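Worksheet: the structure to be examined is printed underneath.
Note on naming: letters A, B, ... go to the chains in the order of the sequence lines (proteins, then strands), and numbering restarts at 1 for each one. Atoms considered below: every heavy atom in the structure, side chains included; atoms not considered: hydrogens, waters and symmetry mates. For clarity, every value in this text was computed on a predicted model and none was experimentally measured.
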Amino acid sequence: MTTEKHRPSGVLGRGPAFWAVMVFISTALIVTLSVTGAIEQKAPLLLLTIVPVSLAMVMFRAGYKMADSPSASCGGKGAAQKTYIKRTAIFTSLYLATFGLLMFADREIGIEGELKFALALLPGLAICGIFWAIGRLIVEEKDEFMRMLVVRQALVATSVALSAATVWGFLESADVVPHVDAYWWAVAWFFGLFLGALANRVQYGTWGAV
Amino acid sequence: MNNRLKVLRAERDWSQQDLAERLEVSRQSVNAIEKGRYDPSLPLAFKIADVFGLTIEDIFSRD
């Protein structure tokens, strides 16, 4: 009698959900360090964002490996999800590269003017690429149930980010909270995706694709 | 909406994964439909009916 040996999918034996929690925890720590004023300078905070982004890369890898495992999906259904993971990994890499370039050019070379504008634009555009990848996933996903889960996640994420930005904006106008750079609302949106996945898990018994 | 997916699957000795492959959807989709957590679209309901060789009414019913 032969038994098929179970090969754990994911990275280091952990699935994407575990790594998503790690991304969330590390992001929450950075936000806490920023809000409490434990780290006041912007440069170390920005450098620290490499940690959750790197963990996100591991999460994508774990998701890709899981999508490839025989028990995860079937009949080419995972094709859209695999493409999404590839696109997100590419844009995350671009974010890391362009952000590193911006930091290096700003601190070591001291760029100014149009060149600085152009370099500062690139990391934001890379993050926009991730939004585009999620949009394409919704368009390309042929499994209607999985597509609905992604849409739900995106709606939760949008609600979280817009609500947080609105409330914080008024508080900031009243000078009762510190200033928060606008790119943190993108971080809030990704955190909202995590909450959306939790909501999917509670209501439908599965985390979803993102 | 109620459905007889689990019974029909058991009669054919199909796992959720087997049915998912026939429907070209994820196993999670089959699980959600089977447990009544998700109501399929009309095209998917027709596909399910075709896979079992039955009509939609034979598989799905109102609460």
Side-chain angles (χ1 to χ4, degrees), chain A residues 3-4 6-7 9-10 15-17 20 62-85 137-156 193 196-210, chain B:
Chain A
T3 37
E4 193 175 333
H6 174 68
R7 284 168 48 192
S9 55
Y64 197 77
K65 286 180 80 175
M66 191 165 272
D68 264 345
S69 70
S71 61
S73 60
C74 57
K77 170 248 125 202
Q81 287 176 37
K82 281 191 228 173
T83 307
Y84 159 74
I85 292 167
L137 173 64
I138 292 171
V139 171
E140 292 168 4
E141 179 60 81
K142 289 185 171 57
D143 185 327
E144 62 181 49
F145 174 66
M146 301 307 284
R147 185 170 57 240
M148 182 204 66
L149 296 180
V150 180
V151 171
R152 277 171 52 91
Q153 275 184 272
L155 285 174
V156 171
L193 279 185
L198 273 178
N200 284 340
R201 177 70 180 168
V202 169
Q203 189 163 354
Y204 293 100
T206 182
W207 295 96
V210 178
Chain B
M1 200 161 64
N2 298 315
N3 69 78
R4 299 174 55 227
L5 274 191
K6 193 171 184 178
V7 174
L8 294 169
R9 214 170 37 77
E11 284 173 0
R12 288 156 181 79
D13 199 23
W14 291 348
S15 65
Q16 287 187 344
Q17 183 70 21
D18 293 333
L19 179 57
E21 284 173 12
R22 285 172 165 85
L23 295 171
E24 296 178 313
V25 298
S26 61
R27 188 196 58 76
Q28 293 97 317
S29 300
V30 171
N31 187 50
I33 296 168
E34 198 171 286
K35 290 189 173 172
R37 286 173 168 163
Y38 175 71
D39 293 333
S41 67
L42 204 50
L44 182 55
F46 272 117
K47 202 167 184 178
I48 292 168
D50 288 345
V51 163
F52 286 114
L54 298 168
T55 63
I56 290 178
E57 293 86 344
D58 290 332
I59 302 171
F60 296 97
S61 60
R62 293 187 187 90
D63 280 327

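Atom CG of B:N2 sits in a crowded spot, with more than 12 heavy atoms from other residues, nucleotides or ligands closer than 6.0 Å.
Here the closest heavy-atom approach between residue A:D143 and residue B:S26 is recorded as OD2-N, 2.6 Å. Minimum interatomic distance between A:G205 and B:R37 (heavy atoms only, all atoms of both residues): CA-NH1, 3.5 Å.
Contacts of residues 38-51 of chain B with chain A at a heavy-atom distance below 4.5 Å involve B:Y38, B:P40, B:S41, B:L44, listed in sequence order.
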